[in-house]
Amino acid sequence: MRLSRYFLPVLRDVPKEAEIVSHRLMLRAGMIRQQASGLYSWLPLGYKVLMKVQKIIEEEQNRSGAIQLLMPTIQSADLWRESGRYDAYGKEMLRIEDRHEREFLYGPTNEEMITDIFRAYVKSYKDLPLNLYHIQWKFRDEVRPRFGTMRSREFLMKDAYSFDLSQEDAVKAYERMFVAYMRTYARMGLTAIPMRADTGPIGGDLSHEWIVLADTGESAVFCDRRLLDKPIPGPDTDFRGDLRPIFEDWTSLYAATEEMVDMAEYEAAVPEEFRVSARGIEVGHIFYFGTKYSEPMKATVTGPDGKEITVHMGSYGIGPTRLVPALIEAFHDDAGIIWPVSVAPFEAVLINLKAGDAACDAACDKLCAELEAAGIDMLYDDRDQGAGAKFTTADLIGIPYQIILGPRGLAAGEAEIKHRKTGERETLPIADAVARLKGLIEPQRKTDI
RNA sequence: CGGAGUAUAGCGCAGCCUGGUAGCGCACCUGCUUCGGGAGCAGGGGGUCGCGUGUUCGAAUCACGCUACUCCGACCA
C-alpha cells in the first residue's frame with residue numbers, strides 16, 4: 001500500500017478529550033474518529049488492526065470446535081420478555097420502536113436469540129455438544145462511556161454460546177473455551193490472566209474473566225506471579241479430548257478481581273514473593289449459567305431414554321474493539337504504538353527517503369514489489385516529505401519493521417532495517433532485505449503457536 | 001445519575017474580565033530551495049465564534065435558557 005494513496009489522517013496534536021495513552025494514540029495514529037459519546041468510526045488503519053484481531057479470534061474459536069454464524073443487531077422485545085430480561089436489563093438497553101409501534105432493542109448480548117435458534121432446530125441429544133458464535137456489534141447505553149473504544153457504547157463482541165446435555169458436559173464446553181481464550185490472547189502477544197469473576201447480570205455460577213495487566217486498567221486484581229509465565233496450550237491441543245488438567249493447572253494458582261477477592265484467602269494461597277496486586281483491563285469473560293435461559297425459553301432435546309432434557313448453557317465473550325486499545329496499553333512507548341506482528345496493520349513499512357528522486361523511486365518501487373511478492377503486508381511511504389516526518393509517522397503507527405532506503409544507501413547497495421520494538425538497526429545489502437525481513441516476520445505471525 | 005468543566009478554522013489554543021465586526025501555531029493550496037528524525041522562504045484559501053432568546057447604536061465578549069462533549073464518583077465485553 002502506497003502511503004501517498006492511503007487514508008491515514010495522523011494528528012500532530014493530541015485531542016484534548018483523550019486521557020489514556022491508548023485513546024490518544026488511536027486518535028493520533030488515525031485509527032478512529034469519535035462520532036458521538038461512545039460511538040466511533042474505525043478508520044482504515046484501525047479497521048485493519050481490528051480485522052486482524054477478529055481473524056485470530058475466529059481461527060481459535062473454529063479450532064476449538066465452535067461454529068460461526070451471524071445474528072442481527074436489532075432484536076424483538078418479545079424474545080427478551082420470554083427470559084424476563086426485557087424488564088430486568090434496565091436503561092443500559094437501547095429500546096427502539098418501529099413504524100408499526102412494535103418494540104425492538106439494539107442487542108446488548110444474544111443469549112435469547114441464540115436460544116431461540118437452538119430450540120427451533122435442535123431436538124436430539126445426538127446433536128450435542130454444540131457451540132455457536134458470532135462477531136457482531138452490540139450496544140449498551142453505558143452511563144459513562146470513556147477511554148475511547150475501551151468503553152464505548154457500540155462495540156464489537158465475539159459471543160459464543162454452548163449447549164450441552166448436562167452440567168458435566170457443559171463444564172467441558174467451558175474448559176474448551178477457556179483453552180481457546182488462552183491461545184487467542186497468546187497469539188496476539190498478550191499476557192492475559194484468567195481470574196475468577198463475578199457473574200453479573202448474565203447470571204450463573206462458574207465464571208472467569210481475562211485480565212491484561214496495565215496501570216490504566218479499570219479493575220484492581222490480585223494474583224500469583226507464576227501465572228504470568230505459565231506456558232500456553234499449543235496448537236496440537238486436542239479439543240475433543242480431556243482439557244481438565246489444563247484448566248486445573250491454570251486455575252490452581254490464585255487470581256481474582258476486586259469484586260471477588262478475599263484478602264485472607266489470597267494471602268493464604270499466595271506466598272508473599274509471588275503476590276501481584278495490580279490494575280488490569282478485562283478483555284474477555286466466560287460464564288456457565290446452566291438452564292437460566294433454556295428453562296424459561298424451553299430449549300430442550302430428547303434424551304436417549306426418550307425424555308425431554310433442558311439443555312445446559314454457557315456464554316463466552318471477547319470484545320475486539322476493546323482488545324485493540326488493550327494491546328496499545330500493553331505495547332507502546334513515548335514515540336507511539338509498537339504492534340506485535342500478528343496484529344500489526346502492516347508488517348513492515350518501506351521508507352523512501354527521497355521520494356521524487358528517479359533512482360531512489362525506482363529502487364524502492366522494485367524492493368516494495370519484491371517484499372509484497374514475498375507475502376509481507378507492506379506499507380510504502382512514498383510521500384514527498386522529509387525523512388524526519390516519515391520516521392515519526394512510522395514510529396507513531398507502530399509498524400514492527402521499518403526498511404529504510406535513500407540515495408546514500410542506494411549508492412552503497414545497502415538498505416537499513418529498524419526494529420520498532422528495540423530500536424535496533426541493521427544495515428544489509430538491498431538484495432538480502434527480502435529474505436531477512438521474511439525471516440524476522442514469519443515466526444512472529446504466530447499462526448501456529 | 002450526583003459533582004466539576006469545556007465549546008472560537010481540520011487539530012491545539014489566544015481573544016471574553018474592561019462590548020467596537022476575529023487572531024496565533026500546526027495542517028491545507030501555489031511557487032522556489034530543500035531532503036537520514038515532524039525543513040526554509042514567499043504568497044494564498046478557509047470561521048453561522050455550539051444553539052436560542054434577551055440587553056445594547058453595536059455581542060465571540062454581558063444575562064438567561066438549551067444542547068453537545070470531557071473529567072471525577074456509583075455500574076459494565
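Sequence lines set the chain letters: A, B, ... in the order given, protein chains first and strands last, and positions in each chain run from 1. Worth knowing before you read on, the calculation uses all heavy atoms, side chains too, and leaves out hydrogens, waters and symmetry mates.
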Check the interface with nucleotides 10-13 of chain B: list each N/O to N/O pair with the protein under 3.5 Å, or write none.
| residue | atom | partner | partner atom | Å |
| --- | --- | --- | --- | --- |
| B/C11 | O2 | A/D13 | OD2 | 3.3 |
| B/G12 | OP1 | A/K16 | N | 3.3 |

Detail all sub-3.5 Å separations between protein N/O atoms and N/O atoms belonging to nucleotides 31-33 of chain B.
none

Dump the pairs, protein N or O against N or O of nucleotides 44-46 of chain B, anything under 3.5 Å, distances to one decimal.
none

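Across all strands, A/K418 comes closer than 4.0 Å to base atoms (heavy-atom distances). Here A/A36 lies in heavy-atom contact (under 4.0 Å) with sugar-phosphate atoms only. Counting any heavy atom pair closer than 4.0 Å across all strands shown, A/Q385 reaches a base atom. Among the atoms of the strands shown, base atoms are found under 4.0 Å from some heavy atom of A/D395. Within 4.0 Å of A/S219, counting heavy atoms only, lies no atom of the nucleic acid at all. Within the 4.0 angstrom heavy-atom criterion, no nucleotide atom of any strand lies near A/E209. A/R383 comes within 4.0 angstrom of no nucleic acid atom, judged by non-hydrogen atoms across all strands.
In this structure, the CG atom of A/N352 is 15 Å from the P atom of B/C35, given to the nearest Å.
A donor atom on one side chain and an acceptor atom on the other are not found under 3.5 Å apart for A/D169 and A/H312. Judged by distance alone, the side chains of A/S162 and A/Y174 never bring a donor and an acceptor atom under 3.5 Å apart. A/K390 and A/Q385 share no side-chain donor-acceptor pair at under 3.5 Å. Between the side chains of A/E329 and A/S22, at least one donor N or O lies within less than 3.5 Å of an accepting N or O. With 3.5 Å as the limit, one finds a donor-acceptor pair spanning the side chains of A/E426 and A/H419. At a cut-off of 3.5 Å, with distance as the only test, a side-chain donor of A/Y161 or A/D159 sits close to an acceptor on the other residue. A/E111 and A/T109 form a side-chain donor-acceptor contact under 3.5 Å, judged by distance and modelled atom types alone.
For the pair A/R153 and A/Y40, the cation-pi criterion (under 6.0 Å, within 45° of the ring axis) is not fulfilled. Under the 6.0 Å distance and 45° angle rule, A/K138 does not count as a cation-pi partner of A/Y106.
Counting distance only, with no hydrogens placed and no angle test, the side-chain atoms of A/R425 and the base atoms of B/G37 include a donor-acceptor pair under 3.5 Å.
When each of A/G317 and A/G406 is assigned the nucleotide of RNA chain B with its nearest heavy atom, A/G406 is the one assigned upstream, toward the 5' end. Residue A/G388 is the one, among A/H23 and A/G388, whose nearest nucleotide of RNA chain B lies closer to the 5' end (criterion: closest heavy atom).
Less than 4.0 Å separates RNA chain B from at least one heavy atom of each of the following residues of residues 318-332 of chain A: A/G319, A/R322.
A donor-acceptor distance shorter than 3.5 angstrom exists from the side chain of A/N62 to the backbone of A/E58, with no hydrogens or angles considered.
Checking B/C35, B/C1, B/A77 against the side-chain heavy atoms of A/K354 singles out B/C35 as nearest. Minimum atom distance to the side chain of A/I404 is reached by B/G36, of the listed B/G36, B/G73, B/C1.
Across all strands shown, B/U56 remains unpaired; no Watson-Crick or G-U wobble contact has both distances below 3.5 Å. Applying the Watson-Crick and G-U wobble criteria (two distances, each under 3.5 Å), B/A4 pairs with B/U70. Look at B/G25: its Watson-Crick or wobble partner, with both distances under 3.5 angstrom, is B/C11.
In summary, A/R408 and A/E416 do not engage in a salt bridge, as defined by a charged side-chain N under 4.0 Å from a carboxylate O. Salt bridge present: A/E60 and A/R183 bring a charged side-chain N and a carboxylate O closer than 4.0 Å.
For the side-chain contact (heavy atoms from CB on, under 4.5 Å) with A/M71, the qualifying choice from A/N110, A/D116, A/L132 is A/N110, the only one to do so.
Spacing between B/C1 and B/A9 at atom C1', rounded to whole Å, works out to 36 Å. Comparing B/A59 with B/U53, their P atoms are spaced 13 Å from each other, to the whole Å.
With sequence neighbours excluded, the residues satisfying ring pair (Phe, Tyr, Trp, His ring centres under 6.0 Å) with A/F222 are A/Y266.
Residue ring and nucleobase are stacked for A/F155 and B/A77, with a centre distance beneath 5.5 angstrom and an angle between planes beneath 30°.
Counting only residues at least two apart or in different chains, side chain to side chain donor-acceptor pair (under 3.5 Å) contacts with residues 356-366 of chain A comprise A/R2-A/D365, A/N352-A/D361, A/D365-A/Y380, A/K366-A/E370.
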